[in-house]
2 protein chains.
Amino acid sequence: MVDNYTGKTRERPYLKAVQKLRHAGLRPTRQRLALAKLLFDGPNRHVTAESLHEESARANINVALATVYNSLHQFTDAGLLREVVVSPGQTYFDTNVSDHYHYFLEKEGCLEDIPEGLVGIDRLPEEPAGKKFSRIDIIIHVTENS
Amino acid sequence: MVDNYTGKTRERPYLKAVQKLRHAGLRPTRQRLALAKLLFDGPNRHVTAESLHEESARANINVALATVYNSLHQFTDAGLLREVVVSPGQTYFDTNVSDHYHYFLEKEGCLEDIPEGLVGIDRLPEEPAGKKFSRIDIIIHVTENS
DNA sequence: ATAGTTGCAAAAGTTTTGCATTGTA
DNA sequence: TACAATGCAAAACTTTTGCAACTAT
């Protein structure tokens, strides 16, 4: 793609996203690139399918909600995102895929990472023979004080 | 209600459920009594709205699925049940309302209580001023070993 | 009687699927 | 050109709501 004004290539701004998708084995299509740019350019984020879809619309990116869902799940399967379920109909996707836990702020209805080291687990059950613990989710629900 | 054969009252089998509902401030209606009996007569259970609805149908209890949802939420608000969300579209209700955590068995798609004392938390963040931690959810996902 | 409560059909959300279209080799 | 992958409309689920019918006082 060549910029109409400068004549220079405009691939650069998408380079990181392209490489990230390629590396994950996902074709860097127009829709996926746009979503990846929103998700991964900048600090860690917590989005829902709906919120990302709205954000895309605001940025004049035309993507169906179903495509947002599909892309989020593809990104998750590829290890680029982590899925966090808070309550029925509130599935978040977290760009921080390292081991960590979450606050859920009931009033604001949003997720926040708990900084590393603030929660300590000093005892866990044994993994039963032939099984393993694939994942440990901890969500601390935070409410306003009565 | 009087038994056709013995002429004796048949309230007795529902007494516990009636009292439980009354104490929770819920009118002991036919539907709620039937669901309460399924839920609270016997050992602790983990049900979904759908599973409880099927169970009711099998027991020849006529309840709409919406009523099952409403009743489960009323029971939950009254403190008789605890809601546990595992993944989108998988909301369980647990008759064990004490503080405890859960295994989620991915293969079977079912929840199990983690026996008390097996998980130890030795460090927690401070509650921010004016806020409190209303609840701490821990779910350990258990998968078959590769 | 009647004020408040309840149960459920219908509506509203949320998520997934099937297939025409597109993109790649 | 053929083959696989993609994007999205439509379908499928899950959950909530509004109101007619019912209940307890």
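Remember, it's a predicted structure, so these values are computed and weren't measured experimentally. Proteins get letters first, then strands, A, B, ... in listed order; numbering begins at 1 in each.
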Problem set entry | Under 4.0 Å protein heavy-atom contact, by nucleotide of nucleotides 16-25 of chain C - B base, S sugar-phosphate only | BB------S-
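With sequence neighbours excluded, the residues that form a ring pair (Phe, Tyr, Trp, His ring centres under 6.0 Å) with H102(A) are H46(A), H100(A). Remark: F104(B) pairs with H141(B) by the ring pair (Phe, Tyr, Trp, His ring centres under 6.0 Å) rule, at least two apart or across chains.
Atom OG1 of T95(B) sits about 11.0 Å away from atom CG of D41(B), to the nearest 0.5 Å.
Pairs passing the salt bridge (Lys or Arg N to Asp or Glu O under 4.0 Å) check and including a residue from residues 81-103 of chain B, sequence neighbours excluded, read R82(B)-D137(B). Under the salt bridge (Lys or Arg N to Asp or Glu O under 4.0 Å) criterion, the residue pairs touching residues 54-72 of chain B are R45(B)-E55(B), with sequence neighbours excluded.
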Please tabulate, for side-chain N and O atoms in residues 24-35 of chain B, each donor-acceptor pair with protein atoms closer than 3.5 Å (sequence neighbours left out).
from   : atom 1 : to     : atom 2 : distance (Å)
T29(B) : OG1    : R32(B) : N      : 3.3
R32(B) : NE     : R27(B) : O      : 3.2
R32(B) : NH1    : Q74(B) : OE1    : 2.6
R32(B) : NH2    : R27(B) : O      : 3.3

Please tabulate, for the side chains in residues 116-132 of chain A, all donor-acceptor contacts under 3.5 angstrom to protein atoms that are two or more places apart in sequence or on a different chain.
from    : atom 1 : to      : atom 2 : distance (Å)
R123(A) : NH1    : G117(B) : O      : 2.3
E127(A) : OE2    : F133(A) : N      : 3.0

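In this structure, L21(B) atom CG and dT6(C) atom P are separated by 10 Å, rounded to whole Å. Following rounding to the nearest Å, L33(B) (CG) and dA24(D) (P) show an atom-to-atom distance of 10 Å. The CD atom of E83(B) sits 13 Å away from the C1' atom of dT14(D) (whole-angstrom rounding). With rounding to whole Å, L35(B) atom CG is found 11 Å from dG7(C) atom C1'. Rounded to an integer number of Å, the gap from CZ of R32(A) to P of dC8(D) is 12 Å. Distance Q31(B) CD to dA21(D) P: 16 Å, rounded to the nearest Å. Atom CG of L26(B) and atom P of dT23(D) are 16 Å apart (whole Å).
Nucleic acid contact class of T91(A) (heavy atoms, under 4.0 Å, all strands): sugar-phosphate only.
Members clustered with V85(B): V85(A), by chain and number, using a 4.5 Å side-chain heavy-atom cutoff among hydrophobic residues.
Classification of the H73(A)-F93(A) ring pair by plane angle, with boundaries at 30° and 60°, yields perpendicular.
Residues from residues 50-63 of chain A with heavy atoms under 4.0 angstrom of DNA chain C: there are none.
Between Q74(A) and dT6(D) there is no side-chain polar atom (N or O) within less than 4.0 angstrom of OP1 or OP2.
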